[in-house]
Colleague: 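Next up is a structure, given as structure tokens.
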Amino acid sequence: MRLLSKLTITAIAAGAYAPLAAQTQVDLRTQSKSADFAAFAISRPNRTGTGLPATCQTGETYWQNDAPAGRNLLGCVATNTWRTLSLPTSNLAATTGQALVWNSVSGQWEPTTIAPAPNYSQTFSAATTVTILGTAHLLGTANLIVDCYNNSTPSQRVEPNTMTVHSTTFDVVITFTVAQTGRCVVNGTGSQPGVLTSVFGRTGVVTAQAGDYSFAQLSGQADATQVGSGTVNNTEFGYLANVTSDVQTQLNGKSATSHSHNTGGDLSGDVGNVTVNRLRNRTVATTAPTDGQTLVWSQTNNQWQPGGVVSLPSMTGNTDRILSNNGAAADWRPLGGDISGAPHAVAVNAIKGRPVAGTTPTNGQALVWNSTLSQWEPQNQASSANTNATLIHNRNIASTTPTDGQVLTWNAATTSWVPQASSTGGAGMSSQLGDLRTVRTSSTVLTVGENYSTVTPCNVRFGTQTASLVQPATVTITAGTGTARIYIDSSGAVPALRVAADGVTLICNTQCSTTTGSAFPDASIPLYTWTSVAGVWDTSGGVDLRAFLSSTSINRGYGISLSQSAMSTTVSVDTATVPTYVTTLATLNFPTIPNIACSSDLTFAMPGAAMTDAVAPGWPATLENGLIGIMRVTAPGIIAVRICNYSGATMDPVQNSFRATIVRSF
């Protein structure tokens, strides 16, 4: 039997060997004992992966590779339910006395100093704002009680204007209406708001214990100083024990059975018998008023006092008169001056003190001044339909019938204005009035020179160049609110009519051109401005800027030359008479210079400087005594400066500004 057993075991062992060579798997649940993984090259006791497996059995663990660091290890706490088994801990170094506290903002355990006491006090001086940092009071909660006291003896509570506690930093900010000096005390319960943590040496939740005093065991009595200035009602007396017989005496000391309360300010006397002495702090006189008087302010006596009411004068015998103030009292007066009669039937007898005649006017008459009678009176006027002008400035006009194109001309022989053909040798007076005139021919069209023709042209001259305008120009507005500026332009080969648009859109016919601008350009002759609103020319928006027979005289002054071109005169400086110059300012910092020695040259640029130019140096006002220097042109456009020291000692010149000027006269 032993042999059989041995053979059987051997066979089993032999049979078990063959699969081992083919990576036989071992069941650690039944085939291991006291497994020690310390020497294993690789030891991974958990399943790993990204995301969470959909199913699990209670007790399994799993390492989630894509979870936040510190939260990778999870356990199956119930079928198909995973929970994190670890929470992250801060790497911050802890100090003595700190504890790990969970920080919900950073999501980790952090070393934190635990508040050593349930309150904190901070002093302040002449302050309207007091700030107590959460890192100072270390109470670790926003559930705080804050009170402030002054420095008096005993201390009195100071009522803050506002008091705030930050919800996360626990910083406390107290403000006062006026500056205060004293201390503020912060009380809190840390992480357990509202829980009493210590009583008579006990900590934690405080409950009654055997041996504690009951209320019946407390002895003594409440006297007046213990009751204080507060109010005690029957309910509160019901909680008192051992009340002695002197309670009524103590209460009487606080509030007597009968007493009085005196008023103040504008009032005086007891509340049951008040006297008003003032109104809004202004005294009321004690004088007794009489029947019908009112309370009147006296500036002289600076008080309210009884005064009379102004009575109206009698109306009897004052029919159709008006109540008036004659400077001393009210009075009934009749109408006078240029008017008279009753107020309901006024008659105008004069105009500005000049009489109007009572003569009844007839149809068509006008009110005319008669200097003989010194009055306005009705007079007949000549009918406008049949009126002919026979004089111009008291000079006769001939009755000769004019023909087309004639103008009114003065005839010295007959001493009268007579119709005559306009002179072909130049513009007549009437034609000049129409030259370059601008009119509004419709709501959207302006016409410049409406009577221009080859027979009646308008000539404009700049210098020796003349332009002849022989057709009317039209300026059409299509949109906008703004201004059109009409002018003669000299910038081209010959003068031209142009219109500058400012805020409007314009179209010109072939006789003019458009541009933009908010002002007339240089070298132009302004003619008109015309305004518009919403694409419509204003009916009264034109301003005439024309000026005829105007000129500007240009004379040569000393050193000035004039040159005439086709359309302009150029004014320039005569360089044979007036010298020219160039100047430049530069900042230089010379090194230390020994006594009786010169520095190396320092240079700066001066555009236009030539090697043959003489330089006028401009030395700084703060140049040290004992230093002299020279300036010269060392290359085209380059100025060199050299400083020599004759002060008797080594010197380091201060950085300064140096000016070079070159004057030329040809």
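Keep in mind the model is a prediction, meaning the values are calculated, not measured. Heads up: numbering here begins at 1 and tracks the sequence. Scope of the values below: all heavy atoms of this structure, side chains included, with no hydrogens, waters or symmetry mates.
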Colleague: Do the side chain of Glu624 and the main chain of Val654 share a donor and acceptor less than 3.5 angstrom apart?
Modeller: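 Pair found, side chain donor or acceptor close to backbone of Val654.
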Colleague: Please check this pair: side chain of Ser298 against backbone of Asn301, looking for a donor-acceptor N/O pair closer than 3.5 Å.
Modeller: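 At least one qualifying donor-acceptor pair exists.
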Colleague: Which heavy atom of Val504 sits nearest a heavy atom of Gly482, and at what distance?
Modeller: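 That closest heavy-atom pairing would be CG1-N, 3.5 Å.
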Colleague: Give the intermediate values and the outcome of side-chain contact (heavy atoms from CB on, under 4.5 Å) for residues Trp297 and Asn302.
Modeller: CA-CA 7 Å; Trp297 178 255; Asn302 194 30; 3.1 Å; yes
Colleague: Restricting to non-hydrogen atoms, name the atom on Leu585 and the atom on Ser657 that form the minimum distance, rounded to 0.1 Å.
Modeller: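 Nearest pair, atom of Leu585 first, then Ser657: CD1-CB, 4.0 Å.
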Colleague: For residues Thr441 and Thr474, determine if any side-chain heavy atom of one lies less than 4.5 Å from a side-chain heavy atom of the other.
Modeller: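 Heavy-atom side-chain distance check fails, nothing below 4.5 Å.
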Colleague: What's the shortest heavy-atom distance between Ala635 and Val633, and which atoms?
Modeller: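 What the structure gives for the nearest pair is O-CG1, 3.3 Å.
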Colleague: Do the side chains of Gln511 and Val448 get nearer than 4.5 Å, heavy atoms only?
Modeller: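 A side-chain contact is absent here, since even the closest heavy-atom pair is not under 4.5 Å.
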Colleague: Walk me through it: do Asn277 and Thr283 pass the test side-chain contact (heavy atoms from CB on, under 4.5 Å)?
Modeller: CA-CA 6 Å; Asn277 300 314; Thr283 303; over 6 Å; no
Colleague: Looking at Ile477, is its backbone amide N or carbonyl O close enough to the side chain of Thr444 to form a donor-acceptor pair, meaning the two atoms are under 3.5 Å apart?
Modeller: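 It does not hold such a pair.
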Colleague: I'd like to know if the side chain of Asp338 and the backbone of Val348 have a donor-acceptor N/O pair within less than 3.5 Å.
Modeller: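 Absent.
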Colleague: Do you see a donor-acceptor pair shorter than 3.5 Å between the side chains of Asn459 and Thr466?
Modeller: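 No.
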Colleague: For Trp369 and Pro355, work out which heavy atoms get closest and say how close.
Modeller: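 Smallest heavy-atom distance, with atoms named: CZ3-O, 4.4 Å.
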Colleague: Rounded to the nearest 0.5 Å, how far apart are CG of Leu267 and OG1 of Thr275?
Modeller: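 So the gap between those two atoms works out to 8.5 Å.
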Colleague: Roughly how far apart are Thr359 OG1 and Gln379 CD, rounded to 0.5 Å?
Modeller: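 These two atoms lie 10.0 Å from each other.
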Colleague: Under 3.5 Å, side chain of Thr128 to main-chain N/O of Ala179, donor-acceptor pair present?
Modeller: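 Side chain of Thr128 to backbone of Ala179: no pair is present.
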Colleague: Would you compute the distance between atom CZ of Arg632 and atom CZ of Arg642 and round it to the nearest 0.5 angstrom?
Modeller: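 Taking CZ in Arg632 and CZ in Arg642, the distance rounds to 5.0 Å.
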Colleague: For a 4.5 angstrom cut-off between non-hydrogen side-chain atoms, does Trp304 reach Arg278?
Modeller: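 With C-beta onward as the side chain, the pair stays apart.
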Colleague: Would you name the heavy atoms of Pro653 and Pro591 that are closest together and state the gap between them?
Modeller: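 Heavy-atom minimum between the residues: CD-O, 3.4 Å.
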Colleague: Taking all atoms of both residues into account, what is the closest heavy-atom pair of Leu436 and Cys458, and its distance?
Modeller: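 Leu436 and Cys458 have their closest heavy atoms at CG-SG, 3.7 Å.
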Colleague: Quick check against the 3.5 Å criterion: does Trp530 have a side-chain atom that pairs as donor or acceptor with the backbone of Asp538?
Modeller: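 Side chain of Trp530 to backbone of Asp538: a pair is present.
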Colleague: Please determine whether side-chain contact (heavy atoms from CB on, under 4.5 Å) holds for the pair Val641 and Phe604, giving the CA-CA distance in whole Å, both sets of side-chain angles, and the decisive distance to 0.1 Å.
Modeller: CA-CA 9 Å; Val641 183; Phe604 58 89; 3.7 Å; yes
Colleague: Any sub-3.5 Å donor-acceptor pair from Thr175's side-chain atoms to Thr162's backbone N or O?
Modeller: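 Confirmed, Thr175 side chain pairs with Thr162 backbone.
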Colleague: Under 3.5 Å, is there a donor-acceptor pair between the side chain of Ser599 and the main chain of Ile643?
Modeller: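 At least one qualifying donor-acceptor pair exists.
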Colleague: Roughly how far, to the nearest 0.5 Å, is OG1 of Thr438 from CD1 of Ile486?
Modeller: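 Spacing of CD1 (Ile486) from OG1 (Thr438) equals 4.0 Å.
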Colleague: Does Arg333 form a side-chain contact (heavy atoms from CB on, under 4.5 Å) with Ile322? I'd like the steps, not just the answer.
Modeller: CA-CA 5 Å; Arg333 294 186 177 186; Ile322 296 175; 5.9 Å; no
Colleague: So do Val346 and Leu335 actually touch side chain to side chain, heavy atoms under 4.5 Å?
Modeller: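 With C-beta onward as the side chain, the pair touches.
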Colleague: Does a side-chain heavy-atom distance below 4.5 Å link Phe462 with Ile525?
Modeller: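 A side-chain contact under 4.5 Å exists here.
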Colleague: Applying salt bridge (Lys or Arg N to Asp or Glu O under 4.0 Å) as the test, list every pair that has at least one member in residues 491-500; sequence neighbours left out.
Modeller: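 As it turns out, the salt bridge (Lys or Arg N to Asp or Glu O under 4.0 Å) pairs with a partner in residues 491-500, which skip direct neighbours, are Asp489-Arg498.
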Colleague: Any chance CG of Asp522 has more than 12 other-residue heavy atoms, nucleotides or ligands included, within less than 6.0 Å?
Modeller: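 Atom CG in Asp522 is not packed in, count stays at 12 or less.
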Colleague: Sub-3.5 Å donor-acceptor pair from the side chain of Thr514 to the main-chain atoms of Cys508, do we have one?
Modeller: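 Checked: no pair found.
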Colleague: Just wondering, do Asn656 and Thr622 contact through their side chains at under 4.5 Å, heavy atoms?
Modeller: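 Contact flag for Thr622/Asn656 side chains = yes.
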Colleague: Is atom CZ of Arg440 surrounded by more than 12 heavy atoms (other residues, nucleotides or ligands) closer than 6.0 Å?
Modeller: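 Counting other residues, nucleotides and ligands, CZ of Arg440 exceeds 12 neighbours.
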Colleague: So, Asn370 side chain and Leu373 main chain: donor-acceptor pair closer than 3.5 Å or not?
Modeller: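 Yes.
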Colleague: Do Val460 and Leu497 have side chains that approach each other closer than 4.5 Å (heavy atoms only, starting at C-beta)?
Modeller: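 Val460 vs Leu497: side chains apart.
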Colleague: Could you tell me the separation between the CG atom of Asp601 and the CE atom of Met631, rounded to the nearest 0.5 Å?
Modeller: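 If we round to the nearest 0.5 Å, Asp601:CG and Met631:CE are 11.5 Å apart.
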Colleague: Does the side chain of Val582 come within less than 4.5 Å of Asp613's, by heavy atoms?
Modeller: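 No - every pair of side-chain heavy atoms lies 4.5 Å or more apart.
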Colleague: I need the Leu527 CG to Leu545 CG distance, nearest 0.5 Å.
Modeller: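 Result: 8.0 Å between the selected atoms.
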